[in-house]
> 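Next up is a structure, given as structure tokens.
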Amino acid sequence: MSDPKLTKAVDSICDQFIVTKSKISQLTEYFIDCMEKGLEPCESDISQNKGLPMIPTFVTDKPSGQEHGVTMLAADLGGTNFRVCSVELLGNHEFKIEQEKSKIPTFFFQDDHHVTSKDLFQHMALITHQFLTKHHKDVIQDYKWKMGFTFSYPVDQTSLSSGKLIRWTKGFKIGDTVGQDVVQLFQQELNDIGLSNVHVVALTNDTTGTLLARCYASSDAARAINEPVIGCIFGTGTNGCYMEKLENIHKLDPASREELLSQGKTHMCINTEWGSFDNELNHLPTTSYDIKIDQQFSTNPGFHLFEKRVSGLYLGEILRNILLDLEKQELFDLKESVLKNNPFILTTETLSHIEIDTVENDLQDTRDALLKAADLETTFEERVLIQKLVRAISRRAAFLAAVPIAAILIKTNALNQSYHCQVEVGCDGSVVEHYPGFRSMMRHALALSPIGPEGERDVHLRISKDGSGVGAALCALHANY
């Protein structure tokens with residue numbers, strides 16, 4: 001029999017993670033307000049602004065899927081890995097990709113003032129050289145390579161090929177990079193190792209890449225019905241982008257906006273940086289565990305508070321802190337588990353095993369997952385309660401994840417552009433692709449949102465593979481150098 005006090009405590013905690021229909025509506029309305037405010041000129045220091053950044057990307061066109069006959073490079077600095085790709089566009093919505101992925105060394109995430117920007121970008125340049133040597137040895141020096149650089153961190157972007165880092169997220173702590181143009185930093189290190197023929201011509205975000213890659217892959221017949229309108233990431237971090245009317249982007253330099261309009265451009269992709277939604281906590285659901293993780297265990301306290309409730313980096317950490325709290329209340333015994341002194345040791349992969357385990361199986365997958373991840377032995381009754389906590393955490397994350405999608409669809413009126421209009425949302429990231437039931441829970445929340453069940457039926461969540469690589473290459477396609 002389970003401890004009634006423990007059961008009551010767990011039920012009380014789970015109640016704190018409930019996101020109601022009225023809360024979804026409130027958050028959606030507030031998200032739209034934040035979008036509109038973020039499109040206005042920012043009067044405060046952008047690095048300290050807690051609003052929704054709404055960063056112009058200077059990407060003004062979506063690919064048709066017929067682009068062909070060129071090979072480009074793409075580099076992708078994510079939250080866990082650095083990836084280099086070469087992308088050959090074949091036309092007819094098809095491409096050929098070669099890629100190498102390497103795990104980012106842990107010392108780049110340590111609070112060590114001896115690690116510099118040069119260390120990071122030199123590391124990236126050397127991996128780029130290794131990739132070219134392996135996959136394109138015959139033309140490594142003779143070919144003038146265009147490279148698109150996917151940099152999935154907040155930047156103050158002033159052109160397609162330049163942007164200064166606003167702040168690190170997802171674990172990086174390299175202080176001297178903040179305020180620097182990341183394209184220049186990368187290009188300098190490429191030049192220094194003899195790759196001056198590799199030109200970093202386009203800076204993009206993984207969300208923008210995901211949207212462009214989805215547009216390229218979507219067939220002509222599908223696009224006649226389901227136009228890709230949003231690119232989003234739900235993985236280690238979370239973010240999204242969409243195409244905004246140029247006339248609404250008031251933060252753009254007026255001369256630049258008029259020049260684009262004179263060229264016949266009507267829209268520009270906006271990188272919302274929605275991980276920073278409601279950093280002031282006006283409406284975002286907040287538990288004591290969210291506050292503790294933000295203040296004690298994150299690298300950017302006070303920022304990216306939406307991301308800290310939704311993204312894969314934090315879901316396991318929320319569970320760990322709940323278990324620590326239950327032990328503090330003498331309701332749960334962690335024994336000698338390594339959970340106590342190892343933040344982020346519980347991964348989303350561990351939670352995914354717990355999420356779909358069955359009572360008929362005596363929750364043995366849960367037992368094995370906790371033993372493997374944290375050397376934590378549990379009883380059946382404890383596993384039942386841990387699974388309840390995991391499902392509460394993941395459901396809140398998925399319900400919150402639906403908010404920015406609903407908000408963008410409403411703001412752009414995307415669901416009313418034509419009779420029987422349907423739209424595609426290009427998605428990438430380990431959580432949205434692999435976490436059991438995450439997309440289904442998102443769809444449930446979309447039906448509860450102001451777009452309603454009818455709107456939810458017209459939204460298609462599509463996995464957009466290789467978005468950060470193919471999309472970055474597509475950004476570089478028409479760039480000048």
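As the structure is a computational prediction, the values presented were derived from the model and not from experiment. Numbers here are sequence positions counted from 1.
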> According to side-chain hydrogen bond (donor to acceptor under 3.5 Å, both in side chains), who are the partners of T238, at least two apart in sequence or on a separate chain?
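Once residues adjacent in sequence are excluded, the partners of T238 under the side-chain hydrogen bond (donor to acceptor under 3.5 Å, both in side chains) criterion are W274.
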> Please lay out, stage by stage, how E100 and R83 fare under the test salt bridge (Lys or Arg N to Asp or Glu O under 4.0 Å).
CA-CA 6 Å; E100 296 285 340; R83 189 165 59 122; over 6 Å; no
> Only pairs under 3.5 Å count here: list side-chain donor-acceptor contacts from residues 444-454, not counting sequence neighbours, and write none if there are none.
residue: S449; atom: OG; partner: L446; partner atom: O; Å: 2.6
residue: S449; atom: OG; partner: I451; partner atom: N; Å: 3.3

> Measure from the side-chain N and O atoms of D357 to the backbone N and O of D365, and report whether any donor-acceptor pair falls under 3.5 Å.
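Flag set: sc D357 to bb D365 pair under 3.5 Å.
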> Determine yes or no for a side-chain-to-main-chain donor-acceptor pair under 3.5 angstrom, with R367 supplying the side chain and T379 the backbone.
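The answer is no, because no donor-acceptor pair under 3.5 Å joins these two groups.
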> For T208 and T204, indicate whether the former's side chain and the latter's backbone hold a donor-acceptor pair under 3.5 Å.
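No.
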> Could you tell me whether a side-chain N or O of D278 sits under 3.5 Å from a main-chain N or O of L281, the two making a donor and an acceptor?
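Judged by distance alone, yes, a pair lies under 3.5 Å.
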> Could you tell me if D325 and Q329 have a donor-acceptor pair between their side chains, going purely by distance under 3.5 Å?
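Distance-only check passes for Q329 and D325.
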> Do any N or O atoms from the side chain of T350 and from the backbone of A373 form a donor-acceptor pair under 3.5 angstrom?
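Between the backbone of A373 and the side chain of T350 there is no qualifying donor-acceptor contact (under 3.5 Å).
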> Specify the closest pair of heavy atoms between L212 and C475, including all atoms of both residues, with the distance to one decimal.
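Residues L212 and C475, closest heavy atoms: CD1-SG, 3.4 Å.
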> More than 12 non-hydrogen atoms from neighbouring residues, nucleotides or ligands closer than 6.0 Å to CD on Q16, yes or no?
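Result for CD/Q16: enclosed.
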> Nearest heavy-atom pair of Q417 and T412: which atoms, and what distance?
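In this case the closest contact between Q417 and T412 is NE2-O, 3.4 Å.
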> When you check the side-chain N and O atoms of T358 and N361, is any donor under 3.5 Å from an acceptor?
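Judged by distance alone, the side chains do not pair up.
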> More than 12 heavy atoms of other residues, nucleotides or ligands under 6.0 Å from NZ of K37: yes or no?
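No, the 6.0 Å shell around NZ holds no more than 12 heavy atoms from other groups.
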> Is any side-chain heavy atom of V155 closer than 4.5 Å to one of L203?
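SC-SC contact between L203 and V155 confirmed.
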> What is the minimum heavy-atom distance between P285 and D290, and which atoms define it?
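That closest heavy-atom pairing would be O-OD2, 4.0 Å.
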> Taking the side chain as everything from C-beta on, heavy atoms only, tell me whether R396 gets closer than 4.5 Å to R309.
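Result yes, sub-4.5 Å side-chain heavy-atom pair found.
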> With heavy-atom distances below 4.5 Å as the criterion, would you say the side chains of L371 and L376 are in contact?
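No, side chains not in contact.
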> Measuring from atom CD1 of I410 to atom OG1 of T28, what distance do you get when rounded to the nearest 0.5 angstrom?
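Answer for the CD1-OG1 pair, I410 versus T28, is 6.0 Å.
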> Answer yes or no for R167 and F303: cation-pi contact, defined as NZ/CZ to six-membered ring centre under 6.0 Å and angle to ring axis within 45°.
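Checked: cation-pi criterion met.
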> I'd like to know whether the aromatic ring centres of F297 and F344 sit less than 6.0 Å apart in this structure.
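Not under 6.0 Å, so no.
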> Could you list the residues that satisfy ring-ring contact (aromatic ring centres under 6.0 Å, His included) with Y30, not counting sequence neighbours?
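Result, ring-ring contact (aromatic ring centres under 6.0 Å, His included) vs Y30: F277, H283.
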> Counting only N and O atoms by type, is there a donor-acceptor contact under 3.5 Å from the side chain of T150 to the main-chain atoms of D76?
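Not confirmed, T150 side chain does not pair with D76 backbone.
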> State the CG-NZ distance between N81 and K103, to the nearest 0.5 angstrom.
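Atom-to-atom, N81:CG and K103:NZ are 6.0 Å apart.
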> Once you round to the nearest 0.5 Å, how far does CZ of F131 lie from OG of S102?
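OG of S102 is found 11.5 Å from CZ of F131.
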> Side-chain contact, heavy-atom cut-off 4.5 Å: I166 with V178?
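They are not in contact (no side-chain heavy atoms under 4.5 Å apart), so the answer is no.
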> When rounded to the nearest 0.5 angstrom, what distance separates CG in N416 from CG in L409?
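Those atoms lie 10.0 Å apart.
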> Counting N and O atoms only, with roles assigned by atom type, does the side chain of N205 sit under 3.5 Å from a partner on the main chain of S152, one being a donor and the other an acceptor?
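Checking the backbone N and O of S152 against the side chain of N205, no donor-acceptor pair under 3.5 Å is found.
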> Run the salt bridge (Lys or Arg N to Asp or Glu O under 4.0 Å) check on K388 and D11 step by step: do they pass?
CA-CA 8 Å; K388 185 179 290 188; D11 287 343; 3.0 Å; yes
> Under 3.5 Å, side-chain donor or acceptor atoms of residues 427-437 against the rest of the protein: list the pairs with distances, not counting sequence neighbours.
residue: E433; atom: OE1; partner: K465; partner atom: NZ; Å: 3.1
residue: E433; atom: OE2; partner: K465; partner atom: NZ; Å: 3.3
residue: Y435; atom: OH; partner: E355; partner atom: OE1; Å: 2.6

> Tell me, with the steps shown, if K308 and D294 meet salt bridge (Lys or Arg N to Asp or Glu O under 4.0 Å).
CA-CA 7 Å; K308 290 168 186 174; D294 173 52; 2.7 Å; yes
> I'd like to check M442 versus I405 (side-chain heavy atoms, cut-off strictly below 4.5 Å). Are they in contact?
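Yes, side chains in contact.
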> Say whether H267 and E244, considering side chains only, have a donor N or O and an acceptor N or O under 3.5 Å apart.
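Side chains of H267 and E244: no pair found under 3.5 Å.
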> Do any N or O atoms from the side chain of K251 and from the backbone of M54 form a donor-acceptor pair under 3.5 angstrom?
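Side chain of K251 to backbone of M54: a pair is present.
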> Could you tell me the separation between the CD atom of Q26 and the CG atom of N282, rounded to the nearest 0.5 Å?
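These two atoms lie 9.5 Å from each other.
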> Looking at every heavy atom in both H304 and S276, which two are closest together, and how far apart are they?
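Minimum heavy-atom separation between H304 and S276: CD2-OG, 2.7 Å.
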> With sequence neighbours left out, what residues match Q122 under side-chain hydrogen bond (donor to acceptor under 3.5 Å, both in side chains)?
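For Q122 there are no side-chain hydrogen bond (donor to acceptor under 3.5 Å, both in side chains) partners, ignoring immediate neighbours.
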> Measuring from L474:CG to C215:SG, what's the distance to the nearest 0.5 Å?
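L474 CG to C215 SG: 9.0 Å, rounded to 0.5 Å.
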> With under 30° as parallel and over 60° as perpendicular, where do the rings of F186 and F149 fit, or are they tilted in between?
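Tilted.
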> Find out whether L305 and T286 are in side-chain contact, i.e. whether some heavy atom of one side chain is under 4.5 Å from a heavy atom of the other.
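Sidechains of T286 and L305: no contact.
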> Would you call T378 and T366 a side-chain contact if the rule is heavy atoms closer than 4.5 Å?
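With C-beta onward as the side chain, the pair stays apart.
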> Please determine whether the number of non-hydrogen atoms from other residues, nucleotides or ligands lying under 6.0 Å from atom CD of E330 exceeds 12.
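Atom CD in E330 is not crowded, with 12 or fewer foreign heavy atoms closer than 6.0 Å.
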> Under 4.5 Å between any side-chain heavy atoms of D375 and L339, yes or no?
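Not in contact.
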> Mark yes or no for whether N239, through its side chain, and E273, through its backbone, hold a donor-acceptor pair below 3.5 Å.
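Answer holds: yes.
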> On a heavy-atom basis, which atom in A398 and which in M441 lie closest, and how many Å separate them?
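Shortest heavy-atom contact: CB-CB, 3.5 Å.
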> Might you work through the ring-ring contact (aromatic ring centres under 6.0 Å, His included) test for H123 and F82, ending with a clear yes or no?
CA-CA 10 Å; H123 172 77; F82 176 66; 7.0 Å; no
> Other residues, nucleotides and ligands only: do more than 12 of their heavy atoms fall within 6.0 Å of NZ on K340?
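Yes.
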> Would you find more than 12 non-hydrogen atoms of other residues, nucleotides or ligands less than 6.0 Å from Q296 atom CD?
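Yes, enclosed.
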> Any donor and acceptor pair, going by atom type alone, linking the side chain of T272 with main-chain N or O of G240 inside 3.5 Å?
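At least one qualifying donor-acceptor pair exists.
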> Among D176, I174, V182, V115, which residue satisfies the side chain to side chain contact (heavy atoms under 4.5 Å, CB included) criterion with L120?
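Among D176, I174, V182, V115, the one meeting side chain to side chain contact (heavy atoms under 4.5 Å, CB included) with L120 is I174.
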> N321: what forms a side-chain hydrogen bond (donor to acceptor under 3.5 Å, both in side chains) with it, not counting sequence neighbours?
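By the side-chain hydrogen bond (donor to acceptor under 3.5 Å, both in side chains) rule, N321 matches E317.
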